[in-house]
Structure formats: structure tokens, C-alpha cells
Amino acid sequence: MYWSRYYIPTLKEAPSDAEVVSHKLMTRAGMIRKLTAGVYSYLPFGLRSINKVAQIVREEMDRAGAMELMMPTVQPGDLWKESGRWEQYGKELLRFKDRHERECCLGPTHEEVITDLLRGEVRSYKQLPLNMYQIQTKFRDEIRPRFGLMRGREFLMKDAYSFDRDDAGAEASYRAMYEAYKRIFSRLALRFRAVEADSGSIGGSFSHEFMVLAQTGEDVIAACTACDYAANVERAEVRFEGAPDGAEQLPLQAVDTPGVHSIEEVAAFLNVEPCRIIKTLLLSVDGKPVAALVRGDRELNPLKVKNRLDATTVEFATPEQVAAWSGAPVGFAGPSGLGVETILADLELQAGSNWVAGANRADTHNLNVNLPRDARITAYADLRLITESDYCPRCGAAIELPRGIEVGHVFKLGLKYSKAMNAVFLDENGKERHMVMGCYGIGVTRVVAACIEQNHDADGIVFPPPVSPFDVLLLSLDGKSEEVNAKAAELHGLMAGQGLDVLVDDRDERPGVKFKDADLIGVPLQLVLGSKSMGRGVVEAKDRRSGEKAELSMENFAAEFAAWKKTVYAGWGM
RNA sequence: CGGAGCGUGGCGCAGCUUGGUAGCGCGCCUGCUUUGGGAGCAGGAUGCCGGAGGUUCGAAUCCUCUCGCUCCGACCA
């Protein structure tokens, strides 16, 4: 490919609405253009990268025994009513009516369609297991699209669905996908981690997320420094095995704390450490009041409350609810005498004594609160967010909290959809049974964005070779020289003959422009051909990642290029 | 959804406070020179100043409405 006939509209400046580095660089490198909030056109250069990722995904899905199909983007509302998600899914589901006033939606995911498809086809256990996938445009009307391709409304996703006879089969399908995902992200030369995750709104019991590690990630991972335990902090277990401190229980004492609301204010006013205070969070769990107690220096993980109570919604109480339930304004709720039926306390609170807590009365706190004596605790449970000072729940080693970008998610769906939509088959005994399902997603366009978040420098994108739109960028300086042009064509043909995608920058531009653009667009292997180096019989080579330069002799180019390429790829762990 | 901000040639911005008929840098086109890390000179093209309404002799500028975009928040006991 010759740049003079290709379209890569590079920009010196990023548009002012681009905030994150992948969005800026993808725009500047001529990969994408925004059409409207969260919706992008993929330009030729960007699409090549997307297609490279998609191809690797495809190969590994096929290898794992999944079959590619393609389902519709426009889906009938009736199907979603059948699964119950027409009501559940909320505004992210873009709904509209067709000319016959029939309710429709744009597919944010395809459980309903695939379940509907296979329930009409699969009759016998002999036809199972099945795993089908597609690589297709999804639309999710996000509350707030942002970060370019990282959280768009329209994006390209690979979604796979497995159907099995029983739990053991479903487990095998899940493991196969988990392994396929590890292969995929390894092949893409990304630094990633598979983490335990909450299963979220799609449903199912547990799941794993695949996180591309990057400082700019929206998710925080709790990762063990010793074993391979890793979990989304939303899910990460916190072990507490401390014994009661055995201190003498002092009498409960109310003190005036006028206008003292927050933990920091209480700590300062009463001159106690935040870790000696009980934070009482009032929550509305499926509309009912629940109190959750954690140590003052800790943060509640609402998801743990949700899972503990097997609830569907957990929200922080409004100031009005706080007043009604605790009998005091916000800032003075406490466990003793609290008129809320369900009071959960974090494990850490079981061990301590003589706590400071709100008194459920305006401008008043209690000293020497001892939970067994002064409060009615429904249950002690792991309720809080993990911190860097906690230890691995598996092996006890130190925990670190790197950030990541979720690029893949594997779920066990169980019978959720097969029951709701009556997807059944006949087993060996002629008995009707529900298919056991799993679903597995990879955000293809997000993989490209996440890849750039992870791999860039001050000059631009630093593509890992498997994700790069082209394998080699050959800068042809001195484009007016017949000799240089002929040599460029020769090298292009030679490398293309090795199966490489080669881009030759033959534009009528000054060398500086070409160098800058080369670094910006991030092709991993850069070759420079100009009168100067030609005179010495060499081609200059630069590893975009390390910046290291080499010289390849023209006489022995094929061999020297192959060797150089190998060392560059080795730097990527390939 | 709540809060804040921004819409002016392709991109980045100034002009708006104090109304007088639009400007800068980059990019683009032509020519000459230049050619190893975003060249120089000369010439040139490109704006319904987001849209609608209003005030005014006159609106990019003031007022009202509207559309679009961006950011922040949704951990507070």
C-alpha cells in the first residue's frame, strides 16, 4: 500500500472534545471520526486494526469449537418482554416503533435472539452442546458516553452463547471460552489479567472479566502479588480473622456534636481515630430500609450488600429517607436504637469495642458503643471494599490494586433465559429439560482503544504488532529519486511476499513530516530509505516501541530484516 | 437525571463585557525556493458566527426558546 494513494488524515492537534489518550490518538492518527455522541466512523486505517483484532478473535473462537453466525440488530420488543428484560433493561435499551406501531429495539446483546433461534431448532440432547458467536455492531444508549471508543454507544462486539445439556457441560463450555480468551489476549500481545467479577445485570452466578492493564482504566483490580488470585474490587473478598479485643465495655454515653456530620468531622471533634468510629450507611434495598455498618476509615461495597441480601437494587437512602428511618438528619445515624429491621455489620466490627457512632438524634453521637450489648445486628458479613493494606483472601500475600479496562467477560447464565423463554430439549430418558447457557463477550473496538491506552508515548501510538493496521511502515524519503522509488517498490514487494502488510510513505512531504506521522500512527516496524542511507547501501530500521535503531544491509536485506523483526517482536513478548 | 461549560472556514482558537457587517495559527490550492524530525516567500479559496424568534436603524455580540457537544457528580452519614 502506498500512502499517497491511501487515506490517513493525520492531525497535528486533537479535537477539543477528546479527553482520553486513545480517543485523541485515534483521531489524530486518522483511525476514527466522531459522528455524534458515542458513535464513530472507522476510517480505513482504524478499520484495519479492528479487523486484525476481529480475525484473531475469530480464529480462537473457531479453534475452541464455536461457530460464527450473524443475528439481526433490530429486534422485536415481544422477545424482550418474554425474557423480562423489556422492563428490566432500562434506558440503555434503545426502543422505537416501526410503521406498524410494533415495538422494536436495537440489540445491546443477543441472549433473547439466540435463545429464540435455538429453542426452535434444538430438540434432542444429541444436538448439544452448541456454541455460536457473532462479531457485530451493538447499540447501548449509555447514560453518558465518554472516552471515545472506550465507552461508545455503538460498538463492535464479539458475543458467543453456549448451550449445554447439564451443569457439567456448561462448566466445560465456560472453561473452553476462558482458555480461548486467554489465548486471544496473549496473541494480541496485551498485558492483561483475568479477574473474578460480579455477574451484573446479565445474570448468572459468577463470571470472569478480562482486563487490559492501564493506568487510565475505569476498573480497579485486586490482584495478589504472589498467587494468581485477581478480582474486580467490586467483588474482591476481604478476609478478617481478628479476635475480639477483649477491652472492658464502658457504659454507653451520649455526647453533643452540633453540626458534626462526616467521619472526618466527628474524628476531629471528639479527637478519636476514624478507625474507632462506626459508619452507619442507610440503604434502600429493593425499596426497604437496610443499615450497613463499616469502620469509619473503610468504604462500603454496596454490591456485597446486594448479594448478601439477594436483592436487585441497592441505593443510598435519600436525606428524607434517612430522616424517616433514623429519626435524625443525615450524619447522625447509628446502630444503637436504630429502628431498621435489617442491620448488617462488617466483620471488622465484630472484634472491636467501645466504638463511636451516631445516636439517631440530631447533633448527638454515642461513645462506648458495643454492638452485642447496644445494637441488634442481623448479621456480620464481609461488606467493605478491599484496600491495598489488605491481604490476599486465598494465600494471604500482599494485594495490589492496578487499574484495568474491561475488554472481555465470560458468564455462566445457567437456566435464566432457557427457563424464561422455554428453551428445552429431550434428554436420553425422553425427559424435557432446560438448556444450560453461557455467554461470552469481547468488545472488539474497545480492545483497540484499550490497546492504545496501554501502548503509547509522547509521540503517538505504539501498536503491538498483532493489532497494528500495518506490519511495516517504509518511509521513502527523496521521493524524486528514481533510484529510491525503485528500491522502495522492491523492498515493498519483498516484504509483502513474506505475508506482511506494508505501507510505503511515498508522499511528497518533507522528511520531518514523515517521521512525525510515522511515530504518531505507531506502526511497530519502521524502515527509512533515502539517498543518504542508499549511498551507504543500507536501510535504516527503527523499533517504534523501544526507539532502538538498526541498519539493514541492502544486499542481505531479507535475512537481516527477518532477524531484526524477530528481535523487535521479542520485545513484545512474541 | 442534577450541576458546569462550550458551539465562529477542515482542526485549534480570538472577537462578545462596551452592538457598526469577522480575524489569527495550522491545514488546503497555485508558483518558486527548500528537503533527515511537523520549511520559507508570494499569491489564493473556504464562514447562513449551531438553529428559531425577539430587541435595535443595525446583532457573532443583548434577550428568550431550542438543538448539539463536552466535562463533573450520582460514597453522604
Side-chain angles (χ1 to χ4, degrees), chain A residues 9-20 23-24 27-28 30 33-39 90-91 142-148 257 259-267 274 277-283 291-303 305 314-319 321-323 325-335 338 340 356-365 383-385 458-460 475-481 484 505 507-520 526 528-536 540 542 547 549:
Chain A
T10 57
L11 263 29
K12 279 191 187 175
E13 289 178 285
S16 59
D17 60 10
E19 208 59 33
V20 296
H23 187 193
K24 284 181 183 166
T27 304
R28 287 189 55 209
R33 288 292 183 263
K34 186 175 76 179
L35 177 62
T36 184
V39 179
K91 289 187 179 165
E142 295 279 350
I143 309 176
R144 190 174 147 211
R146 57 186 137 177
F147 307 149
T257 51
V260 178
H261 303 268
S262 69
I263 292 292
E264 293 73 34
E265 288 166 354
V266 173
I277 302 173
I278 294 177
K279 186 150 70 172
T280 305
L281 289 324
L282 290 171
L283 306 164
L293 313 181
V294 295
R295 228 168 70 177
D297 58 335
R298 303 302 195 189
E299 287 196 10
L300 176 72
N301 182 350
L303 213 53
V305 174
V314 172
E315 291 167 326
F316 282 92
T318 63
Q321 286 172 322
V322 171
W325 296 341
S326 72
V330 170
F332 300 98
L338 182 61
V340 168
V356 173
N360 301 313
R361 188 150 31 105
D363 299 336
T364 312
H365 279 77
L383 296 182
R384 68 179 176 89
L385 277 177
D459 294 317
L475 304 189
S476 170
L477 310 182
D478 302 306
K480 292 202 172 78
S481 153
V484 170
D505 188 355
R507 293 174 301 168
D508 183 19
E509 291 287 354
R510 296 165 59 83
V513 174
K514 296 192 179 193
F515 289 128
K516 285 288 184 188
D517 272 346
D519 287 345
L520 174 62
Q526 285 181 14
V528 181
L529 191 62
S531 308
K532 285 191 181 174
S533 53
M534 284 227 3
R536 302 207 317 280
E540 290 159 34
K542 180 174 136 183
K549 292 180 179 171

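All values below come from the heavy atoms of this structure, side chains included, with hydrogens, waters and symmetry mates left out. Computed from a predicted structure; not experimentally measured. A note on names: the letters A, B, ... follow the listed sequences, proteins ahead of strands, and every chain is numbered from 1.
Look at A/T36 and you won't find any side-chain N or O under 4.0 angstrom from OP1 or OP2 of B/G68. Taking side-chain N and O atoms only, A/T280 has no distance below 4.0 Å to OP1 or OP2 of B/A77. One finds no side-chain N or O of A/S16 lying less than 4.0 angstrom from the OP1 or OP2 phosphate oxygen of B/U70.
When Watson-Crick and G-U wobble pairs are counted only if both distances are under 3.5 Å, B/G73 pairs with B/C1. Pairing for B/C13 is with B/G23, a Watson-Crick or G-U wobble pair whose two hydrogen-bonding atom distances lie under 3.5 Å. Across the strands present, B/C65 finds its partner in B/G51; the criterion is a Watson-Crick or G-U wobble pair with both atom distances under 3.5 angstrom.
When the nucleotides B/G37, B/G36, B/C69 are ranked by their closest atom to the side chain of A/K34, B/C69 comes out on top. When each of B/G36, B/U70, B/G38 is scored by its nearest atom to the side-chain atoms of A/D17, the top-ranked nucleotide is B/U70. Which of B/A77, B/G37, B/C69 sits closest to the side chain of A/K542 comes down to B/G37. Closest to the side chain of A/V528, from the set B/G37, B/G36, B/G12, is B/G36.
Position along RNA chain B of the nearest nucleotide to A/D459 versus A/V266 favours A/D459 as the more 5'-ward residue. A residue-by-residue look at A/A18 and A/E315 shows that A/A18 has its nearest nucleotide of RNA chain B further toward the 5' end.
For A/K34 and A/D17, the salt-bridge test passes: some basic side-chain N is under 4.0 Å from an acidic carboxylate O.
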